[in-house]
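Comments concern the structure below.
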Amino acid sequence: MGLKGSGRNFLLKNKQINPYRFSWNSTFRYLTNPIRFLPHFLIIGTSKAGKYSVLSYLNQHNEISAGFKDHAGVHYFDSSFEINSISWYRSHFPTKISKFKIVGEAPGTYLTNPSAPTRIKKILPTVKLINFFRNPVNRAYSAYNHAVRYGWEHSSFENAIEAEIERINLLNDNSDMKINNENSVNYLQFSYLRHGLYAYNLKNWFNEFEKNQFKHYSTEELDENYNEIMNSLFTFFGIKNIELTKVKRKNVGNEKALHEPMKEKTREFLIDFYKPENKKLFRMIEKKFEWD
Amino acid sequence: MEFNKIIKWIEYGKKIPATKKFDYEEKFSKKDMLRRWDPFEDTLSAAIMSGLEIIPINNSTNILYIGKINKERQLNYLDLVENKQKNFIFDEECKNMSSEIENFQYIDNLEEIKGKLFSVIYMNGNIVSIKNIINILDEFLDEFGYLIIVLSRSSEKEFNDSFKKLSESLHVIQEINIENYFRNKSLIIFSNKKIISEFN
């Protein structure tokens, strides 16, 4: 390898001093990471379930810093755990001398990642874990529309579902087709159906954490009971309750304006698909959501 | 075999795919076991980096590769089939080519392989017409085979037309946007197997 190649490798391995990626802000944050918080809570699930609205409510409390200015979560425990350090992760959060007492992030994607629970247990053993579950039928359609909007998907919703079912069957029947691919994209982009298997995904978490570390809510109840839900979270965090102002749900308008409603036959198929899994979830969390 | 011979290794702070060398011998050091599979050079490797879930290539797969492929990448594919199958390359822009690798043979004309069926047809070149593709599939793709095709998304309309026409004859298994590695490109895996739809 020549001098140029060695230089390139050095800069790629030492991002913090790479002039193409250098930032005063991130360097400052990195240098001050020892005096920064690690998160007290994580909103682990789920994507397309209103996490930005939840963050807006949480951030109305002046002792809470939830999410970040332009993103909801760091995605450390699913996307970048193997390439970034704990110091890097810590550098995203406020300092211990700030006004905040409770900090957290809301990637909403950790729930489905099989590696996330053990990684989190190791680094944040006492963290509080929060789920906002959305009716998996609507969540699947919302995720599909998201993929269409970003140009990731060109099949109809029905064909996309069938393709996912076919992939599940192929993987079950042909172990030699399976790629040892831990890429977090798998657990996000291509899992319209699997992302909604909440009980299956939650089982991994219950194996690692105590049940009293969790709080579970449904997105559907958030609109009506936002005050009650958020204040139960404030109590869970050990901070005072407050009166909240209602916020408009984020990203909902776009979705409704751009896409046709789901076909009735497809909805019926999905309701049947999820029924047994939803029952398992309700048993696990000892709570029932009105989804059927 | 628990999973395909594709594994990942850490390089430049990022994991990239590698294939297990079929010609590995014990006398070599351990690092020689893996053959780098650069996602910036190979569309299937790029698809793996972009979230591909299954790979329909194993030691019983024979591949008809339509497009350009260099020697190192041919070796990656031979790793996948463990050098157990005879594979063919058809590149319309390069005639009278000969491969240095025994189990990857160049052909100048599809007539040369008339009557052969392939479990994977990999189309990674300029697409002349969808009609032409469908004819090739009709003639050379096994009834349970797979088409791996790379389509350009430079023109969204052309992409949609091609995607729609192929979806009418084949069943989509996964569509992967690989534009992080190949500008405006998507890789799609189709299955030739007939699947009865739940929704018709």
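Here the structure is a predicted model, which means the values were calculated and not measured. Throughout, a chain's letter reflects where its sequence line sits, starting with A, and its residues are numbered from 1.
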Part of B:E179 within contact of chain A (heavy atom distance under 4.5 Å): neither
Counting only heavy atoms not in A:F68, do more than 12 sit closer than 6.0 Å to its CZ atom? yes
Evaluate whether atom CD of B:E156 has more than 12 neighbouring non-hydrogen atoms of other residues, nucleotides or ligands under 6.0 angstrom away. yes
Are any non-hydrogen side-chain atoms of A:F190 and B:I176 less than 4.5 angstrom apart? yes
Select one option (side chain, backbone, both, neither) describing which atoms of A:E166 are under 4.5 Å from chain B's heavy atoms. side chain
To the nearest 0.5 Å, atom OG of A:S155 lies from atom NE2 of B:H171 at 8.5 Å
State, yes or no, whether a side-chain contact exists between B:I54 and A:I179 at a heavy-atom distance under 4.5 Å. no
Please round to the nearest 0.5 Å and tell me the distance separating atom CD of B:Q174 and atom CZ of A:R167. 4.0 Å
Contact between B:F159 and A:H154 at the side-chain level, heavy atoms closer than 4.5 Å - yes or no? yes
Closest-packed option against chain B by number of heavy-atom pairs under 4.5 Å, given A:I165, A:N159, A:L171: A:L171
Below 4.5 Å from any heavy atom of chain A, which atoms of B:F190 appear? Answer side chain, backbone, both or neither. neither
Within 6.0 Å of NZ in B:K68, more than 12 heavy atoms from elsewhere: yes
Other residues, nucleotides and ligands only: do more than 12 of their heavy atoms fall within 6.0 Å of CD on B:E102? no
To the nearest 0.5 Å, what is the distance between CD (A:E164) and CD1 (B:I173)? 12.0 Å
Hey, are the side chains of A:M177 and B:E53 touching, using non-hydrogen atoms and a 4.5 Å cut-off? no
Does atom NZ (B:K164) have a neighbourhood of more than 12 heavy atoms from anything else shown, all under 6.0 Å? no
Side chain / backbone / both / neither for A:E268 at chain B, heavy atoms under 4.5 Å: neither
